[in-house]
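Single-structure report; data block below.
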Amino acid sequence: MSDVSDVNEMNDTITLALSKGRIFEETLPLLAAAGIEVTEDPDKSRKLILATNRPDVRVVLVRATDVPTYVQHGGADLGVAGKDVLLEHGGEGLFQPLDLKIARCRMSVATRDDFDYDSAVRQGSRIRVATKYTEIARRHFADKGVHVDLIKLYGSMELAPLTGLADAIVDLVSTGSTLKANRLREVEPFLEISSRLVVNQAALKLKRDRLRPMIDAFAAAVAARG
Ligand code: ATP
Ligand code: MG
């Protein structure tokens with residue numbers, strides 16, 4: 001059943017990739033500003049493709065770290081991804097027209113509260129750092145001229161200093177309460193994080209007449225928030 005009309009239907013559709021949770025929730029008001037309303041609740045169904053009030057616009061739900069990949073390869077025309085995720089991905093093939101200023105937090109170095117980070121840095125010791133964000137961490141410590149052994153983790157990092165796996169972690173911090181609950185100390189916030197709109201470069205050319213007004217409406221909504 002993949003005749004020409006199916007292909008055309010795909011070309012007529014605008015696909016937006018979002019991750020469930022804070023990015024989905026915080027993108028909804030921006031979509032509303034562009035006249036787009038998601039008509040299905042992701043928490044009440046297992047659907048991964050959600051319809052909107054616009055027959056030509058749909059939302060696909062993907063893992064936060066997969067958003068740049070979907071958009072880069074045209075699985076989605078546009079998406080919303082954290083700066084952390086974009087820096088780790090590299091941003092190849094992505095047009096990044098807009099900081100949406102949502103899902104704000106910071107990237108920080110944290111240690112056990114009894115670890116003397118500053119003197120370890122001063123003395124030029126090798127520091128063992130566990131993180132999910134190895135690219136961001138590698139760059140940060142290289143810029144500081146600090147020698148580190150990076151340990152890649154996929155799950156919660158807070159456990160690493162507590163078990164002796166690492167001296168420090170590089171992780172996202174918003175309120176700091178998770179660190180505190182695990183007796184960790186934020187010793188070096190170094191990067192402000194927020195989420196960006198990312199657009200597939202080919203889609204921007206082919207679907208410009210519909211993508212441009214969406215991007216402009218998002219930009220106006222972000223600016224109106226101050
Ligand atoms: P998962 O939690 O499913 O493993 P994830 O951590 O990648 O995946 P989210 O927790 O939804 O997904 O985070 C999505 C984005 O939101 C992150 O890439 C980051 O930019 C931002 N973010 C993460 N944690 C916070 C936070 N505590 N406060 C504000 N923004 C955050
Ligand atoms: Mg998370």
Side-chain angles (χ1 to χ4, degrees), residues 16-31 38 40-50 59-72 75-76 78-111 129-140 150-162 168-199 218 221-222 225-226:
L16 168 67
L18 296 176
S19 53
K20 259 191 181 185
R22 57 172 62 86
I23 287 188
F24 182 85
E25 301 300 332
E26 294 187 39
T27 301
L28 287 184
L30 299 171
L31 288 175
V38 180
E40 289 168 300
D41 182 347
D43 295 327
K44 289 192 181 129
S45 85
R46 288 163 184 255
K47 281 191 193 169
L48 297 175
I49 301 181
L50 307 178
V59 169
V60 293
L61 296 175
V62 304
R63 191 77 190 255
T65 43
D66 289 337
V67 168
T69 308
Y70 269 84
V71 176
Q72 175 186 5
L78 69 175
V80 176
K83 185 176 177 183
D84 50 323
V85 165
L86 290 168
L87 287 171
E88 288 296 319
H89 170 269
E92 199 192 325
L94 300 175
F95 178 56
Q96 298 185 31
L98 193 58
D99 181 354
L100 299 173
K101 300 184 180 166
I102 60 171
R104 297 175 92 148
C105 52
R106 58 191 181 269
M107 193 66 77
S108 297
V109 180
T111 65
V129 179
T131 187
K132 175 171 150 186
Y133 307 98
T134 46
E135 186 52 32
I136 292 170
R138 189 191 58 71
R139 260 200 248 175
H140 172 64
L150 290 177
I151 301 166
K152 170 85 181 183
L153 288 180
Y154 295 88
S156 14
M157 287 155 252
E158 294 84 10
L159 203 53
L162 303 177
I169 59 175
V170 165
D171 198 4
L172 294 172
V173 180
S174 55
T175 63
S177 56
T178 308
L179 292 179
K180 211 167 283 164
N182 289 292
R183 302 191 55 205
L184 299 175
R185 192 156 48 105
E186 184 179 10
V187 293
E188 192 167 70
F190 64 90
L191 185 64
E192 292 296 322
I193 300 287
S194 57
S195 285
R196 317 272 161 128
L197 189 67
V198 293
V199 186
F218 294 154
V222 172
R225 289 182 171 183

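Order of appearance sets the numbers: ligands from 1, and atoms from 1 within every ligand. For the numbers below, each heavy atom of this structure counts, side chains included, while hydrogens, waters and symmetry mates do not.
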Pick from R138, M157, H140: which one makes a side-chain contact (heavy atoms from CB on, under 4.5 Å) with T131?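 Answer to the side-chain contact (heavy atoms from CB on, under 4.5 Å) test with T131 among R138, M157, H140: M157.
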
Could you see which bit of [X] sits under 4.0 Å from ligand 1, with heavy atoms only: side chain, backbone, both or neither?
{"X": "R104", "result": "backbone"}
{"X": "A64", "result": "side chain"}
{"X": "T175", "result": "neither"}
{"X": "I23", "result": "side chain"}

Carboxylate-amine/guanidinium proximity below 4.0 Å for E25 and R22: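 No, this pair does not count.
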
Side-chain heavy-atom pair T178, V173 within 4.5 angstrom cut-off: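 Side chain of T178 against side chain of V173, heavy atoms only: no contact under 4.5 Å found.
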
Side chains of P68 and V85: closer than 4.5 Å at any heavy-atom pair?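 Counting from C-beta outward, P68 and V85 do come under 4.5 Å.
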
Has ligand 1 got any nitrogen or oxygen that is less than 3.5 angstrom from a nitrogen or oxygen of S195?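 Min N/O separation from ligand 1 is not below 3.5 Å for S195.
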
Would A103 count as a polar contact of ligand 1, with the cut-off being nitrogen or oxygen pairs under 3.5 Å?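 Indeed, backbone or side chain, A103 has an N or O that close.
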
Looking only at protein heavy atoms, identify the closest one to [atom] and say how far it is in Å.
{"atom": "atom 10 (O) of ligand 1", "value": "R22 NH1, 2.9 Å"}
{"atom": "atom 20 (O) of ligand 1", "value": "D84 OD1, 2.7 Å"}
{"atom": "atom 4 (O) of ligand 1", "value": "R63 NH2, 3.1 Å"}
{"atom": "atom 27 (N) of ligand 1", "value": "S174 OG, 3.0 Å"}

Should you measure from each heavy atom of I193, which atoms of ligand 1 turn up under 4.0 Å away?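 Listed by number with element, the hits are 20 (O).
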
Could you list the atoms of ligand 1 found under 4.0 angstrom from a heavy atom of G82?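 That gives atoms 20 (O) of ligand 1.
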
Answer yes or no: does atom NZ of K152 have more than 12 heavy-atom neighbours from other residues, nucleotides or ligands under 6.0 Å?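 For K152, atom NZ is crowded (more than 12 foreign heavy atoms under 6.0 Å).
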
If you draw a 6.0 Å radius around OH in Y70, do more than 12 non-hydrogen atoms from other residues or ligands fall strictly inside?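 Open.
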
Just to check, does [X] reach to within less than 4.0 Å of ligand 1 when the distance is taken from its heavy atoms?
{"X": "K132", "result": "yes"}
{"X": "V85", "result": "yes"}
{"X": "G21", "result": "no"}

Are the side chain of [X] and the backbone N or O of [Y] linked by a donor-acceptor pair below 3.5 Å?
{"X": "E26", "Y": "A103", "answer": "yes"}
{"X": "R106", "Y": "S174", "answer": "yes"}
{"X": "E135", "Y": "H89", "answer": "no"}

Indicate whether atom 2 (O) of ligand 1 is within a distance of less than 4.0 angstrom of some protein heavy atom.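 No, no protein heavy atom sits under 4.0 Å from atom 2 (O) of ligand 1.
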
To the nearest 0.5 Å, how far apart are CG in L78 and CG in L197?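 Here the interatomic distance stands at 5.5 Å.
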
